[in-house]
Amino acid sequence: MSRYDLLIIGGGINGAAIAREAALNGLKVLLVERSDLASGTSSASTKLIHGGLRYLEYYEFRLVREALIERELLLKAAPHLIHPLRFVLPHENAVRPWWMIRAGLFLYDHLGGPMTLPKSRGLSAKDTLYRAPLSHPGKGFVYSDAAVDDARLVVLNARDAADNGADIRTRTELVSARRDGDVWRATLADGEEVTARALVNAAGPWVMEAEARLGQRSRAAARLVRGSHIIVPSLFEGDQAYILQQPDRRIVFAIPYAHGTTLVGTTDIAVAEPGEARISDEETDYLLASVNRYFTKQVARADILSAYAGIRSLYDDGVSEARQVTRDYVLELNTDGPPLLSIFGGKITTARHLAQRAIEKLSAPMGFAATPMTAARIFPGGEIDHFGDFLAKVQARWPWLGDERALRMARAYGSMLEAMIGDRGDLGEEFGAGLGTVEVDWLAEREWARTVEDILWRRTKLGLTGEVDERRLWDYIEQVKK
């Protein structure tokens, strides 16, 4: 029987970040995920590393400050995967007064302390690129945040954890667990039994279901809120994004996305079950209307290339409207025997700090001294210069990649490209859209990819191109598994 210090349920951003922090603190860690890493909420975000400008409206000052500080740390820790993004906030049709937005942006610029990103300013007549796609280019603002490939950030957390001794098991479900003296005794789906001195429930939308399997019930409760997005052909030129105020006071983002598309989202719909992660007709209509209200280029249902929805497991603070539920997190520790830490809430941006606090919280009942390990730690692939300089080096080192593929792979793998490609002159047999056997092997051996969906939608986003021969890719994956 394998013995661990820490058993983590859930391979989303919180679980993977906790595994990383725990492994770097010298704990023997087992993370189990019944599907793929980031297969749920963590791959269904708006792909932003941000403080959350709209949270200021609900007086979430501590959360915004923490997120802004984390944004700075993450920009340094994963310069290949996370990149600065300028946001245009049109004020025409606004439902908030000018002074309120200006005051909010001033707070946003200063609440997190010193920042490397450009501060906010007014939208000027000289901002022709920013104003060009707007149907009513009047007053507005420009401010900074950052974009991220959310699913890949989860994988990098897991990779760093594994490189430091963590046991990461995907497609491995926890069947049951019970307290047995001073340990948790758990049974996995393959029948294996393991023990752990502490257990972390980071199951996201399934946090309450996981507690039921453990025979536990927290004082805290989860509130499930669906956020949906659509992906459409590019609505504008340039690498800026837009934040659009809607008549119901919600905001919708329009963000440049993979392969020449625009990502539009999100919604806030209260749901009863984690399985309700499907965009509704009403949400689709809402998102289409949201961008058509602002942009000259109009889009209809027929233009939608793809859509996705995720269920956020938020801490239920009793607020009536889904859009007002706090995005802060609560860590509930139960020490009636070996510790159980349940995670409620959280967001991509603050996952690293959540993990640090989780390990600090577990340190006393587990009897070890926690040391913050990740605040200044670079993620795998992040050992690069300025990204533009690094991309130029990639293009010079492997000119046969071509500009589009070089950009995609430099963003995804950063300095790990040398280990992946080395002195090769190609990426092996290709399946379409520039995806070759060398990259597929890497994803299978180093990143826990097991299916076509893992590779095309969570690891590479090449599913959007429609150019990959999925049948040949599936046959190759099955051959690799053998």
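At least one cation-pi condition fails for Arg405 and Trp400: the charged atom is not both under 6.0 angstrom from the six-membered ring centre and inside a 45 degree cone around its axis. Geometrically, Arg408 does not engage Tyr413 in a cation-pi contact, judged by NZ or CZ lying under 6.0 Å from the ring centre and within 45° of the ring axis.
Ion pairing between Arg301 and Asp285 holds under the 4.0 Å rule for side-chain N and carboxylate O. Looking at Arg86 and Asp239, no side-chain N of the basic residue comes within less than 4.0 Å of a carboxylate O on the acidic one, giving no salt bridge. Ion pairing between Arg458 and Asp150 fails under the 4.0 Å rule for side-chain N and carboxylate O. For Glu60 and Arg54, the salt-bridge test fails: no basic side-chain N is under 4.0 Å from an acidic carboxylate O. Using a 4.0 Å cut-off between charged side-chain N and carboxylate O, Arg471 and Asp469 make no salt bridge. For Arg446 and Asp163, the salt-bridge test passes: some basic side-chain N is under 4.0 Å from an acidic carboxylate O.
Contact check for Asn157 versus Glu21: no side-chain heavy atoms found under the 4.5 Å cut-off. Between Phe379 and Leu153, the closest side-chain pair of non-hydrogen atoms falls below 4.5 Å. Put simply, the side chain of Arg312 does not reach to within 4.5 Å of the side chain of Arg226, judged on heavy atoms. The shortest side-chain heavy-atom distance between Trp206 and Ile9 does not fall under the 4.5 Å cut-off. Using a 4.5 Å heavy-atom cutoff, the side chains of Asp160 and Arg377 are in contact.
Within the structure, salt bridge (charged side-chain N to carboxylate O under 4.0 Å, His left out) pairs that include any residue of residues 76-85 comprise Glu72-Lys76 (at least two apart or interchain).
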Before you tell me yes or no, could you show the steps for Gln246 and Val252 under side chain to side chain contact (heavy atoms under 4.5 Å, CB included), namely the whole-Å CA-CA distance, both residues' side-chain angles and the distance that decides it to 0.1 Å? CA-CA 7 Å; Gln246 302 303 318; Val252 168; 4.1 Å; yes

I'd like to know whether Asp149 forms a salt bridge (charged side-chain N to carboxylate O under 4.0 Å, His left out) with Arg459, so could you lay out the CA-CA distance, the side-chain angles of the two residues, the decisive distance to 0.1 Å, and finally the verdict. CA-CA 9 Å; Asp149 184 327; Arg459 304 300 190 280; over 6 Å; no

How far apart are the C-alpha atoms of Arg352 and Glu70, what are their side-chain angles, what is the distance that settles it, and do they pass the salt bridge (charged side-chain N to carboxylate O under 4.0 Å, His left out) test? CA-CA 8 Å; Arg352 190 213 64 82; Glu70 289 300 305; 2.8 Å; yes

Apply the test salt bridge (charged side-chain N to carboxylate O under 4.0 Å, His left out) to residues Asp328 and Lys347: give CA-CA distance (whole Å), side-chain angles for both, the deciding distance (0.1 Å), then the verdict. CA-CA 8 Å; Asp328 208 346; Lys347 57 202 292 282; over 6 Å; no

Working for side chain to side chain contact (heavy atoms under 4.5 Å, CB included), residues Leu407 and Val394: CA-CA 9 Å; Leu407 175 60; Val394 169; over 6 Å; no

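A donor-acceptor pair under 3.5 Å is formed between the side chain of Gln298 and the backbone N or O of Asn292. Proximity of a side-chain donor or acceptor of Thr460 to a complementary backbone N or O of Ile455 within less than 3.5 Å is detected. A donor-acceptor pair under 3.5 Å is absent between the side-chain atoms of Glu445 and the main chain of Trp442, judged by distance alone.
Here Phe236 and Tyr242 bring their ring centres to under 6.0 angstrom of each other.
Every residue two or more places apart in sequence or in another chain that forms a side-chain contact (heavy atoms from CB on, under 4.5 Å) with Asp385 is listed here: Asp389, Lys393.
Rounded to the nearest 0.5 Å, atoms OH (Tyr143) and OH (Tyr108) are 5.5 Å apart. Considering CD1 of Ile49 and CZ of Arg71, their distance stands at 10.0 Å, rounded to 0.5 Å. If you take CD1 on Ile8 and CD on Glu33, they are separated by 12.0 Å, rounding to the nearest 0.5 Å.
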Side-chain polar contacts of residues 253-262 - donor-acceptor pairs under 3.5 angstrom, sequence neighbours left out - could you list them?
{"from": "His259", "atom 1": "NE2", "to": "Lys461", "atom 2": "O", "distance (Å)": "3.3"}
{"from": "Thr261", "atom 1": "OG1", "to": "Ala258", "atom 2": "O", "distance (Å)": "2.7"}
{"from": "Thr262", "atom 1": "OG1", "to": "Leu235", "atom 2": "N", "distance (Å)": "3.0"}

